[in-house]
Colleague: 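Handing you a structure now.
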Amino acid sequence: QVQLVESGGGLVQPGGSLRLSCAASGSFFSMNAMAWYRQAPGKQRELVAAIITSGSTNYADSVKGRFTISRDNAKNTVYLQMNSLKPEDTAVYYCYAEIKQYWYSSTRDYWGQGTQVTVSS
């Protein structure tokens with residue numbers, strides 16, 4: 001059973017930094033795209049940043065220059081370094097991964113349980 005386990009959320013003051021981690025556990029053949037999404041109260045879930053196997057990245061305009069996504073393929077882990085945090089970054093952050101469990105199977109979408117990030121003074 002493949003699971004995504006997130007860590008690193010919490011309360012931080014405006015201008016501060018946090019680093020989120022998401023590790024994939026269980027047995028699988030390959031992991032393609034990985035990403036972080038977030039959902040603020042009363043809003044739709046939105047893409048924050050994504051990274052593919054080659055290392056190419058994509059960011060939401062609202063976080064460009066402040067957030068950095070990276071991955072460690074050997075550890076099946078994706079990270080989100082968040083700097084210069086703003087109150088509007090407050091949300092539940094979800095890890096996403098596109099995983100092929102067996103060489104012959106189709107890819108499936110997997111989600112983490114979510115981790116709360118609160119930016120407040």
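Every heavy atom of this structure was used, including side-chain atoms; hydrogens, water molecules and symmetry mates were not. If you're wondering where the values come from, they're calculated on a predicted model, not measured in any experiment.
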Colleague: Who passes side-chain contact (heavy atoms from CB on, under 4.5 Å) against Ser54, sequence neighbours left out?
Modeller: Ile52, Ser56

Colleague: Working to the nearest 0.5 Å, report the span between CZ of Phe67 and OG of Ser17.
Modeller: 9.5 Å

Colleague: Measure the shortest side-chain to side-chain distance between Cys95 and Trp36 over non-hydrogen atoms and say whether it is less than 4.5 angstrom.
Modeller: yes

Colleague: Using a 4.5 Å cut-off between side-chain heavy atoms of Ile, Leu, Val, Met, Phe, Trp and Tyr, which other residues end up in the same hydrophobic cluster as Tyr79?
Modeller: none

Colleague: If every non-hydrogen atom of Asp89 is compared with every non-hydrogen atom of Arg38, which pair is closest and at what distance?
Modeller: OD1-NH1, 3.0 Å

Colleague: Got Ile99 and Phe29 here, is their nearest side-chain heavy-atom distance under 4.5 Å?
Modeller: no

Colleague: Does some side-chain heavy atom of Arg108 sit less than 4.5 Å from a side-chain heavy atom of Phe28?
Modeller: no

Colleague: For a quick test of reading the model, state the closest non-hydrogen atom pair linking Thr53 to Met31 and the distance between them.
Modeller: OG1-O, 3.5 Å

Colleague: Under 4.5 Å between side-chain heavy atoms, hopping through other hydrophobics if needed: is there a path connecting Leu80 to Val5?
Modeller: no

Colleague: Mind checking whether Gln116 and Thr90 have side chains closer than 4.5 Å, heavy atoms only?
Modeller: yes

Colleague: Are Val78 and Val2 in one and the same hydrophobic cluster, where Ile, Leu, Val, Met, Phe, Trp and Tyr link if side-chain heavy atoms are under 4.5 Å apart?
Modeller: yes

Colleague: Just to verify, what does Asp61 make a salt bridge (Lys or Arg N to Asp or Glu O under 4.0 Å) with, not counting sequence neighbours?
Modeller: Lys64

Colleague: What is the distance from atom OG1 of Thr68 to atom CD of Gln81, rounded to the nearest 0.5 Å?
Modeller: 7.0 Å

Colleague: Report yes if some heavy atom in the side chain of Ser21 is under 4.5 Å from a heavy atom in the side chain of Lys75; otherwise report no.
Modeller: no

Colleague: Do Thr115 and Ser7 make a side-chain contact, defined as non-hydrogen atoms from C-beta onward lying under 4.5 Å apart?
Modeller: no

Colleague: For the backbone of Ser121 and the side chain of Gln13, can you confirm whether one donor and one acceptor N or O come within less than 3.5 Å of each other?
Modeller: no

Colleague: Do any N or O atoms from the side chain of Thr107 and from the backbone of Lys100 form a donor-acceptor pair under 3.5 angstrom?
Modeller: no

Colleague: Keeping to residues at least two apart or across chains, list the disulfide (SG to SG under 2.5 Å) pairs with something in residues 23-76.
Modeller: none

Colleague: Identify, with sequence neighbours excluded, every residue that meets salt bridge (Lys or Arg N to Asp or Glu O under 4.0 Å) alongside Lys43.
Modeller: none

Colleague: Which atom pair, heavy atoms only, marks the closest approach of Ala24 to Leu4?
Modeller: CB-CD2, 3.6 Å

Colleague: With a 4.5 Å cut-off on side-chain heavy-atom distances among I, L, V, M, F, W and Y, is there a chain of contacts connecting Met82 to Tyr59?
Modeller: yes

Colleague: If we only count heavy atoms from C-beta on, is the Leu20 to Glu6 side-chain gap below 4.5 Å?
Modeller: no

Colleague: Would you please classify the geometry between the Tyr96 ring and the Tyr37 ring as parallel, tilted or perpendicular, with 30° and 60° separating the classes?
Modeller: perpendicular

Colleague: Is any side-chain heavy atom of Asn73 closer than 4.5 Å to a side-chain heavy atom of Arg71?
Modeller: yes

Colleague: For Leu47 versus Ala35, what's the shortest heavy-atom pair and its separation?
Modeller: CD1-CB, 3.9 Å

Colleague: Check whether more than 12 heavy atoms from other residues, nucleotides or ligands sit under 6.0 Å from atom CD of Glu88, and answer yes or no.
Modeller: yes

Colleague: According to a 4.5 Å side-chain heavy-atom criterion applied to Ile, Leu, Val, Met, Phe, Trp and Tyr, with indirect links allowed, do Tyr94 and Val119 form part of one hydrophobic cluster?
Modeller: no

Colleague: Can you give me the closest heavy-atom contact between Thr77 and Ala23, atom names plus distance?
Modeller: OG1-CB, 3.7 Å

Colleague: With rounding to the nearest 0.5 Å, note down the distance linking OH in Tyr104 to OG in Ser106.
Modeller: 11.5 Å

Colleague: Under the salt bridge (Lys or Arg N to Asp or Glu O under 4.0 Å) test, which residues partner Arg45, sequence neighbours left out?
Modeller: none

